[in-house]
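See structure below.
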2 protein chains.
Amino acid sequence: MKVLIVEDDPLHRSYLHEAVNAALPECDTVIEAENGTVGEKLARDHKSAHIVMDLQMANRNGIEAARTIWKERPETRILFWSNYSDEAYVRGVSRIVPDGAAYGYVLKSASDERLKLALRSIFIESQCVIDREVRGLQQKSLGQTNGFTDSEYEILVDIALGLTDRAIAKRRGLSLRSVQNRLQQLYDKLDVYQSGGDDHEDGRFNLRARAVTVAFLRKLLNYSALERAEAELQEWLDGK
Amino acid sequence: MKVLIVEDDPLHRSYLHEAVNAALPECDTVIEAENGTVGEKLARDHKSAHIVMDLQMANRNGIEAARTIWKERPETRILFWSNYSDEAYVRGVSRIVPDGAAYGYVLKSASDERLKLALRSIFIESQCVIDREVRGLQQKSLGQTNGFTDSEYEILVDIALGLTDRAIAKRRGLSLRSVQNRLQQLYDKLDVYQSGGDDHEDGRFNLRARAVTVAFLRKLLNYSALERAEAELQEWLDGK
DNA sequence: CGCCGTCTTGCGTAAACCCGCAGCTTGTTG
DNA sequence: CAACAAGCTGCGGGTTTACGCAAGACGGCG
């Protein structure tokens with residue numbers, strides 16, 4: 001059995017290496033990659049390897065890497081090991097996981113024990129292991145209560161990218177008015193009207209910009225999500 | 001001599017601990033804090049301590065902590081040890097460093113040797129040590145070429161927060177038109193008109209929102225900067 | 001089938017935004 | 001002091017947003 005570790009930080013990398021050795025005596029080779037690009041390449045070279053992947057990496061982030069890896073080989077087992085449980089990450093991951101694939105999401109703050117258990121569950125037993133905290137987010141976001149529809153999330157990303165209503169309409173194949181409807185829906189859910197709605201109206205917000213900020217502060221968006229969305233946008237722009 | 005380590009990540013924390021021991025034999029006590037809040041408290045308790053501080057921490061980030069520490073004791077020597085050299089961080093740090101204070105900014109990717117040298121230079125020799133990469137940013141941002149004025153940065157933050165032109169005018173004591181002037185200036189510098197300015201005009205951007213996005217992608221803004229700005233905004237809103 | 005909720009679309013309006021033009025106040029420089 | 005650059009401000013107008021109102025379209029359900 002082979003395990004591929006994809007992780008930015010040398011300290012974390014060697015920690016992972018040890019953890020893998022301790023948790024999986026049946027594993028005979030451990031390979032390391034220090035960014036997403038190298039990770040993809042090594043995954044291609046070692047087709048049987050299971051993967052432990054950091055999400056936040058400078059060169060090419062974990063979600064990107066995982067997507068191309070899964071595209072080539074959907075049955076690959078990947079354990080995401082991340083510092084954060086931003087909804088943006090969680091959403092990003094669940095968007096790309098293939099049907100029936102075994103994967104995991106464990107926070108770096110988890111104990112050694114938890115990490116080892118997760119390693120064994122996923123790589124040996126093919127079971128999904130999602131950190132409790134992450135799991136909570138996932139359910140809240142999928143359940144309609146307090147969560148965001150895909151269409152709402154989509155339009156959030158679009159205004160975060162800085163598109164006009166018209167451009168969004170064109171991109172998503174909607175009328176102008178429909179786009180604006182979704183925006184209102186979004187504004188409602190993000191509670192953008194806060195602080196100033198009742199008394200004097202002088203401190204009002206620019207709803208569009210405020211929505212993006214609030215989403216950022218709530219970790220619905222983060223840098224990595226923006227980066228991905230921007231790449232998709234450019235692709236679309238080039239494709240006419 | 002005492003050294004206080006303020007760092008989120010247990011692995012990094014113990015690495016730092018060792019590095020301090022190795023670089024500073026004259027140091028007899030090393031104290032550790034796992035977030036900014038605790039760091040502030042321990043800094044108060046151990047007034048003579050030099051500090052090594054991580055910037056990105058979940059609970060209370062390094063810039064906040066450093067600010068209150070320096071407010072109480074401006075001669076404290078602080079070495080910032082960070083994963084990133086986002087302009088937002090660099091700007092945030094240089095905004096709060098007291099006149100004549102000795103401080104340092106070293107990236108986590110630096111070698112052991114570099115870290116040790118920095119520790120000695122700052123804590124023993126009272127010299128400022130700024131990582132080469134960070135230094136580059138600093139100069140570019142202070143020099144007018146390609147850099148952003150304080151007023152431009154200020155208005156960038158304001159629209160990122162989602163304020164209306166009118167609200168910004170009130171907050172900064174300007175006329176509406178002046179605010180809009182600065183905005184145009186900002187749009188120019190951020191090169192927001194890209195892609196579509198020449199040929200067909202269908203893929204246009206909402207300049208205001210686009211500016212924020214571009215700033216994010218260029219790391220002029222990041223989560224921590226937004227968080228701080230939001231706190232200041234709330235303060236201002238409360239103060240009428 | 002008819003009723004109902006959700007989603008889409010068009011029309012219309014008030015507000016906000018982007019920005020060219022031009023007059024003023026400053027600080028700087030020869 | 002004259003000249004000039006840089007920033008602030010008001011005016012005016014074209015465009016984009018935010019959103020109420022109301023008329024279809026579609027799917028589920030009794």
Side-chain angles (χ1 to χ4, degrees), chain A residues 143-145 147-197 200-215, chain B residues 143-145 147-197 200-215:
Chain A
Q144 62 282 52
T145 323
F148 288 76
T149 321
D150 280 343
S151 68
E152 283 159 356
Y153 192 76
E154 204 177 57
I155 207 163
L156 168 62
V157 170
D158 283 341
I159 60 171
L161 286 173
L163 295 172
T164 61
D165 291 5
R166 194 187 315 282
I168 300 175
K170 203 159 296 181
R171 185 176 185 197
R172 304 297 181 188
L174 293 173
S175 77
L176 226 178
R177 190 61 181 89
S178 293
V179 170
Q180 296 172 335
N181 268 342
R182 292 192 176 180
L183 279 176
Q184 278 183 256
Q185 213 173 322
L186 183 69
Y187 297 156
D188 275 348
K189 283 216 185 169
L190 284 175
D191 193 24
V192 173
Y193 308 93
Q194 50 157 218
S195 81
H200 45 326
E201 67 291 85
D202 72 333
R204 238 208 236 85
F205 286 114
N206 176 318
L207 298 181
R208 175 177 286 247
R210 185 65 182 165
V212 176
T213 310
V214 172
Chain B
Q144 63 282 48
T145 325
F148 289 75
T149 320
D150 281 344
S151 68
E152 284 159 355
Y153 192 75
E154 204 177 57
I155 208 164
L156 169 62
V157 170
D158 283 341
I159 59 170
L161 286 172
L163 295 173
T164 61
D165 292 4
R166 195 187 314 283
I168 299 176
K170 203 159 296 181
R171 185 175 185 198
R172 303 299 181 187
L174 292 173
S175 78
L176 225 178
R177 189 60 180 90
S178 294
V179 170
Q180 295 173 334
N181 270 342
R182 292 192 176 181
L183 279 176
Q184 278 183 258
Q185 213 173 321
L186 183 70
Y187 297 155
D188 275 346
K189 283 215 186 168
L190 283 175
D191 192 25
V192 172
Y193 308 92
Q194 49 156 217
S195 80
H200 46 325
E201 67 291 86
D202 73 330
R204 237 208 237 82
F205 286 114
N206 176 319
L207 299 181
R208 176 176 285 248
R210 185 63 183 168
V212 177
T213 311
V214 171

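Side chains are part of it too, since the values below use all heavy atoms of this structure and drop only hydrogens, waters and symmetry mates. In what follows, chains are A, B, ... by sequence order, proteins preceding strands, each numbered from 1.
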Check your understanding: Can a salt bridge be assigned to the pair B/Glu152 and B/Lys189 using a cut-off of 4.0 Å between side-chain N and carboxylate O?
Key -> yes
Polar pairs (N or O, both sides) under 3.5 Å between protein and nucleotides 4-8 of chain D?
{"from": "D/dC8", "atom 1": "OP1", "to": "B/Arg182", "atom 2": "NH2", "distance (Å)": "2.7"}

Return the [atom1] to [atom2] distance between [X] and [Y], rounded to the nearest 0.5 Å.
X: A/Gln185; Y: A/Phe148; atom1: CD; atom2: CZ; value: 10.5 Å
X: B/Glu154; Y: B/Ile159; atom1: CD; atom2: CD1; value: 12.5 Å
X: A/Leu186; Y: A/Leu207; atom1: CG; atom2: CG; value: 10.0 Å
X: B/Leu183; Y: B/Tyr187; atom1: CG; atom2: OH; value: 4.0 Å
X: B/Arg210; Y: A/Thr164; atom1: CZ; atom2: OG1; value: 11.5 Å
X: B/Ile168; Y: B/Ser178; atom1: CD1; atom2: OG; value: 12.0 Å

Of all heavy-atom pairs between [X] and [Y], which one has the smallest distance, and what is that distance?
X: A/Ala209; Y: B/Gly162; result: CB-CA, 3.8 Å
X: B/Tyr193; Y: B/Asp188; result: CE1-OD1, 3.6 Å
X: B/Ala167; Y: A/Arg204; result: CB-O, 4.0 Å

Study note, to complete from the structure: Protein heavy-atom contacts under 4.0 Å, written 5' to 3' over nucleotides 11-18 of chain C as B (base), S (sugar-phosphate only) or - (none), form the string B----SSB
**Study point:** Separation of atom CD in A/Glu152 from atom C1' in C/dC7, rounded to whole Å
**Key:**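 About 12 Å, once rounded to whole Å.
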Check your understanding: Taking atom P of D/dT16 as reference, at what distance in whole Å does atom CD1 of A/Ile168 sit?
Key -> 13 Å
Show the distances under 3.5 angstrom between N or O atoms of the protein and N or O atoms of nucleotides 25-28 of chain C.
none

